[in-house]
Structures are given as structure tokens and as C-alpha cells.
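Only a predicted model underlies this, so the values are computations on that prediction, with no experimental measurement involved. Positions are given from 1, in the same order as the sequence printed here.
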Amino acid sequence: MPAVNDTKFQPAVFLLTGIPGLEDVHVWISIPFCLMYVISILGNSFILFIIKTDPSLHEPMYIFLSMLAVTDLGLSLSTLPTALGIYWFHSREISHDACFAQLFFIHSLMSIESSVLLCMAFDRFVAICNPLRYASILTPPRIAKMGLVSVLRGVVLNFPLPIILKQHRYCKESILSHSFCLHQEVMTMACSDIKVNIIYGFFITVSSWVLDLLLILLSYVMILKSVLSTACHMKRLKALNTCVSHVCVVLLFYTPDVSLAVIYRFVKNAPPIFQIVLGNVYMLVPPLMNPIVYSVKTQAIRVRIIRVFVK
């Protein structure tokens with residue numbers, strides 16, 4: 001009797017998920033999602049436009065902010081096609097290669113954003129703790145190198161993910177919990193040993209997000225130490241006020257990320273709706289809120305925005 005061909009057991013596609021149980025109203029659900037994407041794309045594009053066209057904003061703090069805006073634009077554009085495909089056209093299928101490509105871009109951009117947030121923390125540390133050497137430390141060539149290292153680290157660390165995933169067979173019912181692909185979920189769809197994926201995924205988490213977060217916390221411990229040693233109360237408030245926007249952005253980025261990682265790794269019987277909600281918050285809220293936070297809390301950006309609309 002001829003051997004059964006294994007390929008017929010392997011599904012050709014993964015199935016993405018919108019909001020389970022609400023498929024009949026996906027078109028209506030798409031309205032807030034579309035608004036979030038539009039505001040995110042326009043907001044980050046507007047931040048880039050203001051920084052590029054105003055020479056007075058060509059300073060380290062705003063250059064790092066423009067890097068953050070570019071990363072947020074990439075994140076929004078990498079999930080937009082599959083999300084709107086589900087809510088508008090009920091198109092849930094995504095090929096393996098397209099899924100692997102999407103998760104590579106998502107994870108790479110998230111790693112890059114984590115690096116950029118670390119660079120911004122270093123910028124605030126130098127500005128507050130060593131203001132006299134600020135211009136000599138954060139020179140344009142050094143900023144360019146920091147940006148290049150951030151991109152290279154994100155790409156190099158996450159490049160093996162699609163290669164490793166492609167080695168597996170996917171003989172289970174490959175229904176994903178989100179409207180986009182994430183490595184920590186796609187690997188569970190494999191019917192072969194995923195120990196390598198688990199170990200390498202943990203390595204990426206530690207060497208990227210955990211390391212960056214610890215260094216950000218360390219920079220703020222040193223900032224607080226420096227600020228509290230200042231005698232003048234007004235100078236303390238002024239120094240801390242320059243960090244408020246960055247602290248808000250760090251919380252917006254890491255809180256859903258850490259929560260989603262904890263659910264995937266430690267909570268085995270969590271209700272699916274938790275993963276769906278956190279996944280959407282994880283992907284949509286930081287790119288949406290980052291330009292809003294900086295527009296509201298950063299006076300130089302706020303003044304330029306008002307000037308543009310007043311004209």
C-alpha cells in the first residue's frame with residue numbers, strides 16, 4: 001500500500017480572526033478600527049512633516065521622535081491589510097509565507113521601537129544629568145549610528161523567525177487569535193517540536209525588550225537621583241516635565257507587550273477574548289497615542305501644530 005503523502009495534511013493557509021461571535025457586524029466594528037489606523041498614520045506623518053520642515057526641531061530629542069514616528073507608521077501599515085481584509089471582506093485566509101513575512105516585520109519593528117525608546121531615555125539622561133556636554137555627546141553622526149544599530153539589531157534578531165517557522169509542518173487546525181500573525185502564536189500551530197522556537201523567542205525577549213526596559217529604568221533612576229539633588233524646586237519640576245511624554249510612551253508600549261507575553265507563556269486557559277483585546281491594544285494603541293502624547297505634552301511640537309492650523 002503506498003505511503004500517504006504528508007503534504008495533504010498540511011493546510012496551505014492560516015485563518016486569521018476578527019472578533020469571534022460578532023462576524024455579522026464586522027463592517028460596523030471596522031469603523032473604529034479604521035479611525036484608529038487613519039489617526040495613527042496621519043498623526044505620525046504630521047509629526048514627521050513638522051520636524052522635517054522646522055529647522056529649530058533638528059535636535060536629538062526630535063530626531064529620535066521622528067524615528068519613533070517612522071517605526072509606528074511601519075507597524076500600522078504592516079497590520080492594516082489583514083485587519084481590514086477581515087472586517088471589510090471577511091477574508092480570513094493568509095498563506096504561510098505571507099504570515100511569516102508579516103510577523104517578521106511586526107517583531108522587527110517592535111524591537112526597533114524598543115531600541116528607539118531606549119535611545120530617547122539616554123537622550124533625557126544626558127540632557128538632565130550632563131547638560132553642558134549634551135551637544136558634544138549626542139552629535140548627528142552618533143545619533144545616526146544609534147539609529148542604524150537599532151534597525152540592525154531588530155532585523156538581525158528577528159530574521160531567523162520565519163526561517164525556523166518554515167521548517168515545521170502545520171497539520172493542526174491553524175486558526176489564529178488575531179487579525180495579524182505573531183510568532184508566539186504561529187509556532188503553536190506546528191505539529192512538530194517547537195523547542196527551538198521557544199528558546200529563541202525567549203532569547204529575543206531577553207536580549208531586546210527586557211534588556212531595553214531595564215536600561216530605561218536604570219536611566220530614570222539616575223535621572224531621579226540627579227533631579228532630587230537639585231536644590232531649586234522649580235528646576236526639579238522643569239526637568240521631570242521634560243520626561244513625562246517619554247514615560248507615557250514607554251508605559252503605552254511595554255504594558256500590553258508584557259501582558260500579552262505573560263498570557264502566552266504562563267496562562268494556559270485564559271479566555272480568548274483577553275488575547276484578542278490585548279493583541280489589538282498591543283498593535284494599535286502605541287502608534288495611535290504616541291503622536292497625541294507628544295503633541296499635547298511637548299511645547300515645541302504643540303506650538304508648531306497650532307501655527308500650522310492658525311495659518
Side-chain angles (χ1 to χ4, degrees), residues 39-77 108-155 212 215-216 219-220 222-223 226-227 235 237-253 286-311:
I39 294 171
S40 173
I41 292 170
L42 291 180
N44 286 290
S45 299
F46 196 56
I47 291 288
L48 286 172
F49 171 77
I50 289 175
I51 294 174
K52 180 177 175 57
T53 55
D54 193 332
S56 67
L57 296 180
H58 294 175
E59 299 177 0
M61 174 182 174
Y62 302 107
I63 294 173
F64 288 130
L65 177 56
S66 65
M67 293 180 188
L68 185 68
V70 170
T71 307
D72 285 336
L73 276 173
L75 282 171
S76 296
L77 294 174
S108 296
L109 288 166
M110 296 298 283
S111 294
I112 293 169
E113 180 152 344
S114 179
S115 299
V116 172
L117 291 175
L118 175 58
C119 292
M120 297 174 83
F122 179 69
D123 168 79
R124 291 299 84 206
F125 165 73
V126 176
I128 294 172
C129 299
N130 205 344
L132 297 179
R133 297 188 58 205
Y134 181 75
S136 62
I137 293 175
L138 289 172
T139 60
R142 190 163 290 164
I143 293 171
K145 290 177 183 177
M146 292 169 70
L148 180 60
V149 169
S150 299
V151 173
L152 287 177
R153 189 188 71 160
V155 172
D212 291 347
L215 291 175
I216 290 171
S219 69
Y220 274 104
M222 298 175 74
I223 286 171
S226 176
V227 169
K235 287 185 177 179
L237 292 178
K238 185 178 179 181
L240 291 175
N241 190 53
T242 64
C243 301
V244 171
S245 300
H246 182 255
V247 171
C248 291
V249 169
V250 167
L251 291 175
L252 286 170
F253 178 79
L288 171 71
M289 293 303 299
N290 289 350
I292 295 175
V293 168
Y294 273 97
S295 298
V296 172
K297 296 299 297 181
T298 307
Q299 183 178 1
I301 296 289
R302 187 169 65 249
V303 168
R304 269 64 175 189
I305 291 174
I306 293 172
R307 190 178 300 169
V308 167
F309 284 105
V310 166
K311 287 182 179 180

Engineer: L117 and V249: which non-hydrogen atoms are nearest, and at how many Å?
Structural biologist: CD2-CG1, 3.4 Å

Engineer: Quick one: do V116 and M146 satisfy side-chain contact (heavy atoms from CB on, under 4.5 Å)? Show the steps, please.
Structural biologist: CA-CA 8 Å; V116 172; M146 292 169 70; over 6 Å; no

Engineer: Starting at CG of L68, measure out to CD1 of I63 and round the result to the nearest 0.5 Å.
Structural biologist: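 Atom-to-atom, L68:CG and I63:CD1 are 14.0 Å apart.
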
Engineer: Please table the atom pairs, donor to acceptor, closer than 3.5 Å between any side-chain atom in residues 286-293 and protein atoms at least two apart or in another chain.
Structural biologist:
unit_1, atom_1, unit_2, atom_2, d
N290, ND2, D72, OD2, 2.8
N290, ND2, E113, OE2, 3.4
N290, ND2, P286, O, 3.2

Engineer: Just wondering, do T298 and R302 contact through their side chains at under 4.5 Å, heavy atoms?
Structural biologist: no

Engineer: Shortest non-hydrogen contact from S295 to I305?
Structural biologist: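 For S295 versus I305, the nearest heavy atoms are OG-CD1, 3.3 Å.
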
Engineer: Supply the atom-to-atom distance I112 CD1 to T71 OG1, rounded to the nearest 0.5 angstrom.
Structural biologist: 6.0 Å

Engineer: Quick one: list whatever passes salt bridge (Lys or Arg N to Asp or Glu O under 4.0 Å) with R304, sequence neighbours left out.
Structural biologist: D54

Engineer: Report the distance from atom CE of M120 to atom OG of S219, rounding to the nearest 0.5 Å.
Structural biologist: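 M120 atom CE to S219 atom OG measures 12.0 Å (nearest 0.5 Å).
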
Engineer: Drop me the distance from L75's CG to I41's CD1, to the nearest 0.5 angstrom.
Structural biologist: 11.5 Å

Engineer: Which heavy atom of K297 sits nearest a heavy atom of S245, and at what distance?
Structural biologist: CB-OG, 2.9 Å

Engineer: Go through the steps for F122 and L138 under the test side-chain contact (heavy atoms from CB on, under 4.5 Å), then give the verdict.
Structural biologist: CA-CA 10 Å; F122 179 69; L138 289 172; 3.8 Å; yes

Engineer: CE/M61 to SG/C119 distance, rounded to the nearest 0.5 angstrom?
Structural biologist: 14.5 Å

Engineer: Taking the six-membered ring for Trp, are the ring centroids of H246 and F64 within less than 6.0 Å of each other?
Structural biologist: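 For H246 and F64, the ring centres are not under 6.0 Å apart.
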
Engineer: I would like to know whether N241 and V244 meet side-chain contact (heavy atoms from CB on, under 4.5 Å); could you show each step before the answer?
Structural biologist: CA-CA 5 Å; N241 190 53; V244 171; 4.1 Å; yes

Engineer: F253 vs M110, test: side-chain contact (heavy atoms from CB on, under 4.5 Å). Steps then yes/no.
Structural biologist: CA-CA 9 Å; F253 178 79; M110 296 298 283; 3.5 Å; yes

Engineer: I51 and L57: which non-hydrogen atoms are nearest, and at how many Å?
Structural biologist: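 Scanning both residues, the minimum pair turns out to be CG2-O, 4.0 Å.
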
Engineer: I need the minimum non-hydrogen distance between P131 and C129, along with the two atoms involved.
Structural biologist: CD-C, 3.5 Å

Engineer: Test: side chain to side chain donor-acceptor pair (under 3.5 Å). Region: residues 133-152. Which pairs qualify, not counting sequence neighbours?
Structural biologist: D123-Y134

Engineer: Which residues pass the salt bridge (Lys or Arg N to Asp or Glu O under 4.0 Å) test with D212, not counting sequence neighbours?
Structural biologist: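 So D212 forms a salt bridge (Lys or Arg N to Asp or Glu O under 4.0 Å) with R153.
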
Engineer: Got a sec, which residues hit side chain to side chain contact (heavy atoms under 4.5 Å, CB included) with V70, two or more places apart in sequence or on another chain?
Structural biologist: L48

Engineer: Indicate the atoms forming the closest heavy-atom contact of I301 with Y294, along with that distance.
Structural biologist: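 I301 and Y294 have their closest heavy atoms at CB-O, 3.9 Å.
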
Engineer: Do Y62 and I47 touch side chain to side chain, with heavy atoms closer than 4.5 Å?
Structural biologist: no

Engineer: With rounding to the nearest 0.5 Å, note down the distance linking CD1 in I223 to CD1 in I128.
Structural biologist: 4.5 Å

Engineer: Are any side-chain N or O atoms of S45 and backbone N or O atoms of L42, one a donor and one an acceptor, separated by less than 3.5 Å?
Structural biologist: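 Absent.
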
Engineer: Not counting sequence neighbours, which residues clear ring pair (Phe, Tyr, Trp, His ring centres under 6.0 Å) with F46? List them please.
Structural biologist: F309

